[in-house]
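Data first, discussion second: the structure below is written as structure tokens.
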There are 2 protein chains.
Amino acid sequence: MGSSELLKIHPTLFDRVRLAIMAHLSLAKRPVDFKSLLAELELTRGNLSTHMKKLEEDGLVQIDKTFVERKSRTTYCCTSKGRKEIRNYLVAVESALKSSL
Amino acid sequence: MGSSELLKIHPTLFDRVRLAIMAHLSLAKRPVDFKSLLAELELTRGNLSTHMKKLEEDGLVQIDKTFVERKSRTTYCCTSKGRKEIRNYLVAVESALKSSL
DNA sequence: ATATTCTGGTTTGCACTGCAAACCGGTTTG
DNA sequence: CAAACCGGTTTGCAGTGCAAACCAGAATAT
């Protein structure tokens with residue numbers, strides 16, 4: 001049955017904003033910085049920050065902090081676990097919904 | 001870009017349980033009753049009840065209540081709007097995630 | 001020098017929401 | 001008549017997403 005597949009989806013990905021973040025990061029070929037993500041997704045800084053923290057805690061993204069020109073620079077990239085969970089999400093949704101076209 | 005598609009998804013569907021409910025209902029060829037849904041999805045009655053109420057409020061399912069053998073019988077079916085939003089969900093997720101395989 | 005503003009985020013407070021427990025009207029059983 | 005049962009609904013609480021408030025350091029202004 002379809003519904004059982006859906007339950008295997010990583011719970012943290014079952015949020016439109018976080019899914020959008022992960023979609024963006026998984027497409028990117030190099031680390032994405034805070035500001036870019038912010039512009040792309042149109043969130044507040046606080047909102048983005050807490051989402052990223054949660055995604056890191058779950059091992060779906062990796063956060064790197066450096067200083068560049070004396071300013072802090074935080075970049076994010078999708079971990080292999082993140083990619084795996086994104087793939088899993090797509091497969092689960094397709095198998096659950098495809099047949100009901 | 002991919003993420004903008006995701007924002008068009010009906011917010012009510014962005015919940016794993018409700019998506020599972022809708023997947024089930026959209027597959028069913030006849031109305032599904034409370035008990036069947038309950039067994040299929042393994043929820044508590046209260047939980048299922050509130051989800052169905054919300055889905056009805058958003059016009060994604062239709063609720064019918066009748067009496068059969070002196071007992072109440074509530075059945076649910078997917079509205080055409082519900083089917084449309086499910087299709088939209090699938091399309092949006094595919095277009096956002098497919099390219100990041 | 002020091003005050004003000006800007007940059008790059010993080011933490012806090014609140015409003016909302018999913019969940020299960022408690023509840024409720026009616027029915028069957030003891 | 002009481003007790004258990006059926007088919008759900010409502011309530012209370014715990015968890016969470018959001019923006020406002022906050023914070024440290026750098027640039028700019030006075």
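Below, chain A is the first sequence line, B the second, and so on; all start at residue 1. Remember, predicted model here, so these are calculated numbers, not experimental data.
Between D/dT16 and A/His51, no contact under 4.0 Å exists linking OP1 or OP2 to a side-chain N or O. Look at A/Lys65 and you'll find a side-chain N or O under 4.0 angstrom from OP1 or OP2 of C/dT10. Between C/dC19 and B/Lys54, no contact under 4.0 Å exists linking OP1 or OP2 to a side-chain N or O. Remark: A/Asn47 is not in phosphate contact with D/dG17, judged by side-chain N or O atoms under 4.0 Å from OP1 or OP2.
Salt-bridge annotation for B/Glu40 and B/Lys35: absent, with no side-chain N of the basic residue lying under 4.0 Å from a carboxylate O of the acidic one. Salt bridge status for B/Lys98 with A/Glu94: present, with a side-chain N to carboxylate O gap under 4.0 Å.
Residues from residues 55-64 of chain B that place a heavy atom under 4.0 Å from any atom of DNA chain C: there are none.
With rounding to whole Å, B/Leu38 atom CG is found 13 Å from D/dC6 atom P. We find that NZ of A/Lys53 is positioned 13 Å from P of D/dT16, with the value rounded to whole Å. Protein atom CG of A/Leu41 is 15 Å distant from nucleotide atom P of C/dG9, rounded to whole Å. The CG atom of B/Leu48 sits 11 Å away from the P atom of C/dA20 (whole-angstrom rounding). Atom CZ in B/Phe67 sits about 13 Å away from atom P in C/dG25, given to the nearest Å. Atom pair B/Arg70:CZ and D/dG8:P shows a separation of 18 Å (rounding to whole Å applied). Summarising the geometry, the separation between CG on A/Leu7 and P on C/dC19 is reported as 11 Å, rounded to the nearest angstrom. One can place CZ of B/Phe14 at 21 Å from P of C/dC16, the figure rounded to the nearest angstrom.
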Yes or no on side chain to side chain contact (heavy atoms under 4.5 Å, CB included) for B/Glu85 and B/Thr12, after CA distance, side-chain angles and deciding distance? CA-CA 10 Å; B/Glu85 295 294 355; B/Thr12 297; over 6 Å; no

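Of the candidate nucleotides C/dG8, D/dT9, D/dT10, D/dT10 has the atom lying nearest to any side-chain atom of B/Thr50. With D/dT9, D/dG17, C/dT10 as the candidates, the nucleotide lying closest to the side chain of B/Phe34 is D/dT9. Checking D/dA19, D/dT10, C/dC19 against the side-chain heavy atoms of B/Val17 singles out C/dC19 as nearest. Of the candidate nucleotides D/dG7, C/dG8, C/dG18, C/dG8 has the atom nearest to the side chain of A/Ser72. Comparing D/dG7, C/dA20, C/dG8 by their closest approach to the side chain of A/Arg45 singles out C/dG8. Closest to the side chain of B/Thr74, from the set D/dA27, D/dG7, C/dC19, is D/dG7. Listed nucleotides: D/dT10, C/dG8, C/dG9. Nearest to the side chain of A/Lys71: C/dG8.
Looking at heavy-atom distances under 4.0 Å, B/Arg16 makes no contact with the nucleic acid at all.
If you take CD1 on A/Ile21 and CG on A/Leu48, they are separated by 5.5 Å, rounding to the nearest 0.5 Å.
At least one side-chain heavy atom of A/Leu97 sits less than 4.5 Å from a side-chain heavy atom of B/Leu19.
With respect to A/Arg73, the side chain to side chain donor-acceptor pair (under 3.5 Å) criterion is satisfied by exactly one of A/Asp33, A/Asp64, A/Thr66: A/Asp33.
With hydrogens and angles left out, the side-chain atoms of A/Asn47 and A/Thr44 include no donor and acceptor closer than 3.5 Å.
Ring geometry for B/Phe14 versus A/Tyr89: interplanar angle under 30°, hence parallel rather than tilted (30 to 60°).
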